[in-house]
Amino acid sequence: MIESIGWGLVFVGIGFIAAGSVGLVRLPDLYCRLHALTKADNLGLGCICSGLALLFGQWIIAIKLLLIWLLVLLTSAAVAHFIARHVLDKERRK
Amino acid sequence: MLSATLIYGLSGLGLFVVGLYGALRPESLLARVLAVNVSSAGVFLMLVALAYRGNDQLPDPLPHALVLTGLVVAISATALALVLERRLREWGDD
Amino acid sequence: MNMLLWNLFDCVLALLALVLGWRVVSSHDLKRAVVLFIAFGLLMSLIWARLAAPDLALAEAAIGAGLTGALLLSALRQQPASSESPVRSLMDVYGSLVLVLVLGGVMAWALFAAPGMVQGSSSNNPIYLQLEQSGVSNPVTAVLLNFRAYDTLLEIAVLFCVAIGVLAFGRERQHVMPAGPLLGVLMRVLVPLLVVMSSYLLWVGAHAPGGAFQAGAVLAAAGILLHLGGMPTLGMPGPLNLRWLLIAGLACFLLVGLATMLNGASFLTYPQAWTSVLILLIETGAVLSIAATLVLAYRGGGAPLDQPQGEGSHEERL
Amino acid sequence: MTSLLILPVALPLLMSLLALIWPARVNQIGVATGLLIVLIGSAIVALVAGNGVQSQVLGGWQAGLGIALYADGLTAVMLLMSALIGLAASTFACRYFAGKPTLVQFWPLWLLLQAAISALLLSADLFNLYVALELLGLSAVALTALGSGRAALKAAVDYLLLGLVGSLVFLAAVVLIYARYGTLDMLLLGAMLQAEPITWVALALFTTSLMLKCALFPLHFWLPAVHANAPAPVSAALSALVVKVVFYLLLRLWVDLFAPVITPALASVLGVLGAAAILWGSFCAIRAERLKLLAAYSTIAQLGYLFLFFSLLVVMPEGAQRQLLYGALLLFALTHGFAKSALFLAAGEVQQRLGHDRIAELGGFARALPTTLFATALAGIALIGLPPSGSFLAKWQLMAQALSLGHWYVVLVVALGSLLACIYLFRLLGCAFSPGLDKAPPVVERRAQLSPVMMALIATIVLGLGSHPLWQLLADVGGGGV
């Protein structure tokens, strides 16, 4: 039971990441792309991490996975912010 | 021979050759430094593919150590090239 | 079935690496080439993990993709907007293309088709057989700091050489980006974390993936982050202390090596009881030098000697 | 006593650290290191002469697991030569860099270069050679860039990229060897190598890489700019030592390691390239407008001779004749090392005292700088190969052996090359002895640098008259292949 939930979460996560990647290619401008990439990827990674935690079933691994997810959350949010701000500055100057 | 060794070995060889081609072209210095880096990644890939012994056996650690050394040498050379290039460009501007 | 899946996965990764490498080389736009190169580095890191080389995966992510990427991006910032593409004759292009294709073909034939290529079993690999005497249980660290420590010594010397080169030819760059509020937050969270992680990598390298190079690269990332955040003096000590950091790695290495010769053994023959301690000592010195050199290279040069000295540094506090 | 072997590498490394943190005393540190390395080098020569070939695996591990150092007669003599030239260039550098801001960076880099040269000479491990080659290349590039002006920087950048490409090709060859034979230790490999495709390809890659790094025609194009624009002591080391160490490596690989694979046809390819290098290099030297450029082109030509020796040596059967030729090769390499360092140091002195080194405007040089001119003339004698210089004996041997093997073209090329060398050197001396322009060049009153004269004297007198012990040493402990 737990195993199938774990695998389910992993596949849902893969789906989110795939959707984010499609968005990166298809969406019209930079802000939309950033939005698709960060939001979908963070969610997808969260699903994958929790799925893997269930599959391993050990607390120590679950904590490590949680830490990884939080770090990626922090950096991707910050990086998206920097990119967006940089582009905004450039557009304003024009 | 393991198929993984063959696949990655050929890929590494391809990268080596592609990088060498790029490094020999009369492009800008930065482009050629990039090409040298790609090329060395190719040589490293050949080494590590060679060290792989399948999923059920430990790999040969010697090539791993050699590649680690190579990585540090590569970034050192890149750093020196970039600082010289910057100096050269400043000189040209004066 | 399982095997087939692995092969498919391998083919996808290997092809992707090849295509990315080609795009890096063939791209006319330098900015695009650099970004592709960073992606290429991350892909290589994935391949190392696949090929059972976790030490390399860590090092590639930190050094190959991370720090090389940072160096290249900062070099890119000062590139002239439009770099004229030199005119090349067809002879030039196809001449070297044919040359390297022939080279690749011959090498592939020699490696994979003609008789050759011996992959010994790892059960009789001398590195595993003698691992217990090496003082550490991570075989890669054993090779780097014990069996083939002389290679690593020369490699640290290469790093030292580049540090002097940067001191000689570079001038410190003033960062242009104003540090926003978010960067401050990021810095407060990430810098302590990176310093802790670097010490962890250094410590864990003795028995699990990790070691001096990965640790040094992570520490350098902390220094670069501080520089980006507008606190360059915090990330780097003043010019005088910087010199001590730059020589730390090579000095530890050489002094340990020469000291081991005092009781008649050959260079870098550690006394059995002291092996682990000496290896850790050398690695600690190496971490400081690697981090200092890479931060120095990112900043583009040292501050002149007469400038007032910065206060504490993370490197020193470690 | 075998522990001595690491010292020519460890000592300059340690001193380069000291030079960085104690900038006030760099000159003393540098010269003291030079002296110590000469002492160590002499001790190693004595050790090898007394006790035969020395080798040691570092770290106390068995061969194959650890990295081995190896020294035979050839290594020991090359080591002593590099120590002596290093010392001469070091003492020269003290005055050359006096008062320049680059002084502080010069010394650590210079000591690193010396360490790299020793490391290359002593190492018996293929991957270790790669790392040492990178150290050699990067320190040489940084030193070249210390030269004045944009030209030096441009030359350094090109040198860096070519060096990186060369190292990569070398590394690829190492990978091939490791893939097939599973070891990097050259002493173990020597017994294992077989004539098969992977070995041939590896040999081709090694040779290409090292040809690029030691500027054998037609891969010589980078050399003139680098050697002519580097600071004078650096040029001396680059021309006299760096390319020669790479040549030594090539010799080691062909004569010791890959000997079972070599065929006469392969060897004659290198011989023909060497002959082309002699003619082309000499021709360019005749047309060179600057003294340092002349010296750089002359290096290309003189390297050509080494490859002529090489092509004969590789195909000759074992025996006394081959022994003679091997000794002659070493004698030639040594003579060129000392003579060329003398010429570059003298050129540096000219450049500093007269403010330029344009050959056509050197009139008055003889009056202004008699000591330096003396060094130049002596170096010229050795470069042409007039008696009593060491290269006279060496060329004599080369021609005699070539005749006995029926290689007529070698005799012809050597004669022609010597004639061309006469032309470019007499043109130089002719300009130097001419009375010069109306206003005599400003002569600063100070004592002339003596190190060029010492180097030139070693090249012409010491090596010529004292060549017998050298042959003896090689005959006793020449090394694996001889």
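All chains are named by letter (A, B, ...) in the order of the sequence lines, taking the proteins before the strands, and each is independently numbered beginning at 1.
At a 4.5 Å heavy-atom cutoff, the contact between C/Y128 and chain B is made by side-chain atoms alone. Contacts between C/M44 and chain B at a heavy-atom distance below 4.5 Å involve the side chain alone, from C-beta outward. Using a 4.5 Å cut-off between heavy atoms, C/R50 touches chain B through backbone and side chain atoms alike. Both the backbone and the side chain of C/F169 have a heavy atom closer than 4.5 Å to some heavy atom of chain B. Proximity to chain B (any heavy atom under 4.5 Å) is shown, for C/A142, by neither the backbone nor the side chain. In this structure, chain C has a heavy atom under 4.5 Å from the side chain of B/F16, while its backbone stays farther away. Proximity to chain B (any heavy atom under 4.5 Å) is shown, for C/A14, by both the backbone and the side chain. If you measure heavy-atom distances from B/L68 to chain C, the contacts under 4.5 Å come from both the backbone and the side chain. Contacts between C/D10 and chain B at a heavy-atom distance below 4.5 Å involve backbone atoms as well as side-chain atoms. Proximity to chain B is limited to the side chain of C/I127, based on heavy atoms less than 4.5 angstrom apart. Contacts of B/L82 with chain C are made by side-chain atoms alone, with heavy-atom separations under 4.5 Å and no backbone atom involved. Both the backbone and the side chain of C/L67 come within contact range of chain B, each with at least one heavy atom under 4.5 Å from a heavy atom of that chain. Only the side chain of B/T78 comes within contact range of chain C, with heavy atoms under 4.5 Å apart.
If you take CG on B/L45 and CG on C/L56, they are separated by 10.5 Å, rounding to the nearest 0.5 Å. Between the CG atom in B/N37 and the CZ atom in C/F37 there is a gap of 4.0 Å [rounded to 0.5 Å]. The CD1 atom of B/I7 sits 10.0 Å away from the CG atom of C/L13 when rounded to the nearest 0.5 Å. From C/L101, atom CG reaches atom CG of B/L20 across 11.0 Å, with rounding to the nearest 0.5 Å. Rounded to the nearest 0.5 angstrom, B/I75 CD1 and C/T293 OG1 are separated by 10.0 Å. In this structure, CG in C/L30 is found 5.0 Å from CG in B/L30, a value given to the nearest 0.5 Å.
Shortest non-hydrogen contact noted between C/A59 and B/L71 is CB-CD1, 3.9 Å. Closest of all the heavy-atom pairs between C/A108 and B/L10 is CB-CD2, 4.1 Å. Looking at every heavy atom in both residues, B/V83 comes nearest to C/G300 through CG2-O, 4.2 Å. Between B/A65 and C/V143 the shortest heavy-atom distance is CB-CG1, 3.4 Å. Of all the heavy atoms in C/A53 and B/H64, the pair that sits closest is CB-CE1, 3.4 Å. Nearest heavy atom pair, residue B/A79 against residue C/L71, reads CB-CD1, 4.0 Å.
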Fill in: From CA spacing to verdict: side chain to side chain contact (heavy atoms under 4.5 Å, CB included), C/R148, B/L62
CA-CA 9 Å; C/R148 296 178 67 89; B/L62 179 65; 3.3 Å; yes
Item to complete: Give the intermediate values and the outcome of side chain to side chain contact (heavy atoms under 4.5 Å, CB included) for residues B/V17 and C/M107.
Response: CA-CA 10 Å; B/V17 167; C/M107 280 177 71; 5.8 Å; no
Practice prompt. Could you please spell out the steps behind the side chain to side chain donor-acceptor pair (under 3.5 Å) verdict for B/S3 and C/N7?
Written response: CA-CA 7 Å; B/S3 53; C/N7 282 348; 2.9 Å; yes
Discussion item. For a side chain to side chain contact (heavy atoms under 4.5 Å, CB included) check, start with the C-alpha distance between B/L15 and C/F40, then their side-chain angles and the critical distance, and finish with the verdict.
Written reply: CA-CA 11 Å; B/L15 284 172; C/F40 174 75; 3.8 Å; yes
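Taking 4.5 Å as the limit, some side-chain heavy atom of C/N125 sits within range of a side-chain heavy atom of B/P61.
Of the residues considered (B/L24, B/D60, B/T69, B/L84), B/T69 shows the highest number of contacts with chain C, using heavy-atom pairs under 4.5 Å. In terms of heavy-atom pairs under 4.5 angstrom with chain B, the leader among C/N138, C/L103, C/L18 is C/L18. Contact count versus chain B (heavy atoms, under 4.5 Å) is highest, among C/T141, C/I156, C/L72, C/D151, for C/L72. Comparing B/P59, B/A35, B/A31 by heavy-atom pairs within less than 4.5 Å of chain C, the highest count is held by B/P59. Here C/A17 is the residue among C/G64, C/G216, C/G170, C/A17 with the most heavy-atom pairs under 4.5 Å with chain B.
Looking at residues two or more places apart in sequence or on another chain, you find no side-chain hydrogen bond (donor to acceptor under 3.5 Å, both in side chains) involving C/T152. Listed by chain and number, the residues in a side-chain hydrogen bond (donor to acceptor under 3.5 Å, both in side chains) with C/D29 amount to none (sequence neighbours excluded).
Against chain B, the residues from residues 157-164 of chain C that qualify, each with a non-hydrogen atom under 4.5 angstrom away, are C/V158, C/L159, C/V162 in number order.
In this structure a side-chain-to-backbone donor-acceptor pair under 3.5 Å is present from B/R86 to C/R171. No donor-acceptor pair under 3.5 Å is formed between the side chain of B/R25 and the backbone N or O of C/S96.
Sorted by first and then second residue, the side-chain hydrogen bond (donor to acceptor under 3.5 Å, both in side chains) pairs with a member in residues 56-72 of chain C read C/W48-C/E60; sequence neighbours excluded.
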